[in-house]
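All remarks here apply to the structure that follows.
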2 protein chains.
Amino acid sequence: MSRKEVFAVAQMGPVHLADSKQATVARLIEMLREAHARGARWVTFPELALTTFFPRYVYDDPAEYDRFYEEGLPSPAMIPLFEAAKELGVGFYLGYAEKVVEEGATRRFNTSVLVGPDGKILGKYRKIHLPGTKDPIGDPEFEHLEKRYFEVGNLGFPSFATPSGRFGMCICNDRRWPETFRTMALRGAEVFLLGYNTPTRNIHHPEPAHLREFHNRLSLESAAYQNGAWVMAAAKCGSEDGFAMIGGSAIVAPTGETAAMCMSEEDEVITVNCDLDLGAYIRRSVFDFARHRRPEHYGPITQQVGVEIPD
Amino acid sequence: MSRKEVFAVAQMGPVHLADSKQATVARLIEMLREAHARGARWVTFPELALTTFFPRYVYDDPAEYDRFYEEGLPSPAMIPLFEAAKELGVGFYLGYAEKVVEEGATRRFNTSVLVGPDGKILGKYRKIHLPGTKDPIGDPEFEHLEKRYFEVGNLGFPSFATPSGRFGMCICNDRRWPETFRTMALRGAEVFLLGYNTPTRNIHHPEPAHLREFHNRLSLESAAYQNGAWVMAAAKCGSEDGFAMIGGSAIVAPTGETAAMCMSEEDEVITVNCDLDLGAYIRRSVFDFARHRRPEHYGPITQQVGVEIPD
């Protein structure tokens, strides 16, 4: 038996500081139309897809950086995308900066939304593994201030019921943490959607350039294999106002094999007719969680945050 | 700063049912001497290194299978290896079938021992993720009865203080589970030692042959990168009485890159002069656990065994 469904990943080339959200959303809609023409029922767009990757810049006053955030869902800027997707019957994952009033306070998250092919909002995810710092490190080439502009996500790692099975969502740096995918898989997710913005240079430490893409691929492929799940990974890439980011957007099969990947650092759509049951044998055998997992021996994973040397 | 130490992985070709333990231990000692001559201070040997991979056979009576197990540490068969290692000042990891009386009962485990360069026993590990079945599936080509011949390990995933830093141990199928390595890393392990016996065909499901080695490599490389740790992985491989197993023994760097790997399916020693601090930048930056992990969102990893679909 196979359950086949065409998925698309829509990689984006750079979005510059001066680009309007309207122009950027028009690019997303063009890729959505291409994906639909190629048979896709689901499209994954990148993290923070509507603006440049603004956490590389130092701002102090919300009045300076509020323009990067979206309010309401769909936000005014998103409405044309939501309308086009509903018209075409295509569901999508979209990353954006979220500004919201919750518990009487203004809060900001690095968020993704999952919208069904019928235009209904199926759920939101707020990025949990925020990299970088809150305070500037003082080197404009390597600032990465996600902890300044976003709170740690407060929605956990849910799975979402869709007409094509259960999906999980995560964002960028989340993909380096096996905890991310295992938590979603234990909640039944069989497709992981994620967007990312990853500098071509390690912002923390000089390291051979080829490792950046290698670590991206290793993270995606191990996440897929270890959970018998499909991975849809969409980069925003190329050089944004001189800041270069890796591409390598990919659709990874539950075997851990990259089934398709982008060849450019520009706007580019890839599609795969995914057999959603391809991972079933992996989940029934080597990774039959119920039969083989031993949580009684995994205690430190949830009982401690950092390294603790035993006595 | 760098902390350099030469590590060896000693892969083994087949051990047949008819081979004596004495002859097999002589092969281990020969590789130990080669590793020492090439500067190694530590050697990793395979899982169940002293016998054929006997869980592929169906036995009912302990009198039939007792011969595969070791009693005492060192067991009589191991003594020449322990003596040679102490004489040379080389520490080692050795996998073996352990029979022991504990809490008044005879118990059997798939075990590894870590011995220091001074000949002292630093600790034991008992395999936790036992693959296969307890009862035969009825197909002699694909029996894998580890759950018949061993209990689930009861020593957790400790880390062991050694003169070269903290090591962790695991065995074969444990390497496919990210929980294994994360638990050891949270306890300070910076080198993971493991042995394996992996059939060249997926015993559970027909799958393309190349995936066997791909999944081995993916498991080792992701374990190294995600924890900024070295991995020493030693196969027993080749065809044991007609049952073929993969090689691919490897030393994997904390960057996730395979630094050295075996080219044969026979007895073969590989060595790397490992900078034990190579992973330090990874542990200080992207995988600084204390700064970035969010255990409050990882609950299902320890709170549930199998998949649970939320309401």
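These figures come from a predicted structure and were not determined experimentally. Here is how names work: the chains are called A, B, and so on, in the same order as the sequence lines, proteins then strands, and each is numbered from 1.
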Item to check | Carboxylate-amine/guanidinium proximity below 4.0 Å for A:E308 and B:R187 | outcome: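 Salt bridge flag = no for B:R187 with A:E308.
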Next on the checklist: Please evaluate residues B:S222 and A:Y225 with respect to the criterion side-chain contact (heavy atoms from CB on, under 4.5 Å), reporting the C-alpha separation (whole Å), side-chain torsions for both, the decisive distance (0.1 Å), and the verdict.
Outcome noted: CA-CA 11 Å; B:S222 59; A:Y225 168 58; over 6 Å; no
Counting only non-hydrogen atoms closer than 4.5 Å, does [X] touch chain A with its backbone (N, CA, C, O), its side chain (CB onward), both, or neither?
X: B:Q303; value: neither
X: B:I301; value: both
X: B:A161; value: neither

Checklist entry - Relative to chain B, which segment of A:A223 carries a heavy atom at a distance below 4.5 Å: side chain, backbone, both, or neither? => result neither
What residue in [options] has the most heavy-atom pairs under 4.5 Å with chain B?
options: A:G156, A:G256, A:P158, A:P178; answer: A:P178
options: A:L218, A:L155, A:N154; answer: A:L218
options: A:S159, A:P310, A:G188, A:A189; answer: A:P310

Item to check | Per-residue contacts, residues 131-150 of chain B versus chain A, heavy atoms under 4.5 Å | outcome: B:P131, B:G132, B:K147
Checklist entry - Listed by residue number, which members of residues 281-295 of chain B have a heavy atom under 4.5 Å from any heavy atom of chain A? => result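 When heavy atoms of chain A are the reference, residues 281-295 of chain B contributes B:Y281, B:R284, B:S285, B:V286, B:F287, B:F289, B:A290, B:R291, B:H292, B:R293, B:R294, B:P295 within the under-4.5 Å range.
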Next on the checklist: On a heavy-atom basis, which atom in A:W177 and which in B:R182 lie closest, and how many Å separate them?
Outcome noted: CE3-NH2, 3.3 Å
Checklist entry - Of all heavy-atom pairs between B:T255 and A:L211, which one has the smallest distance, and what is that distance? => result CG2-CD1, 4.0 Å
Checklist outcome for this item: Comparing B:G153, B:A185, B:P300 against chain A, the one with the most heavy-atom pairs below 4.5 Å turns out to be B:P300
Checklist entry - To the nearest 0.5 Å, how far apart are CD in B:E179 and CD in A:E179? => result 8.5 Å
Item to check | Separation of A:T183 OG1 from B:Y298 OH (nearest 0.5 Å) | outcome: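 It is 7.5 Å, given to the nearest 0.5 Å.
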Checklist entry - Between the side chains of A:H210 and B:E257, is a donor N or O closer than 3.5 angstrom to an acceptor N or O? => result yes
Item to check | Any donor-acceptor pair under 3.5 Å from B:H215 side chain to A:Q226 backbone | outcome: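 Side chain of B:H215 to backbone of A:Q226, a donor-acceptor pair under 3.5 Å: no, none is there.
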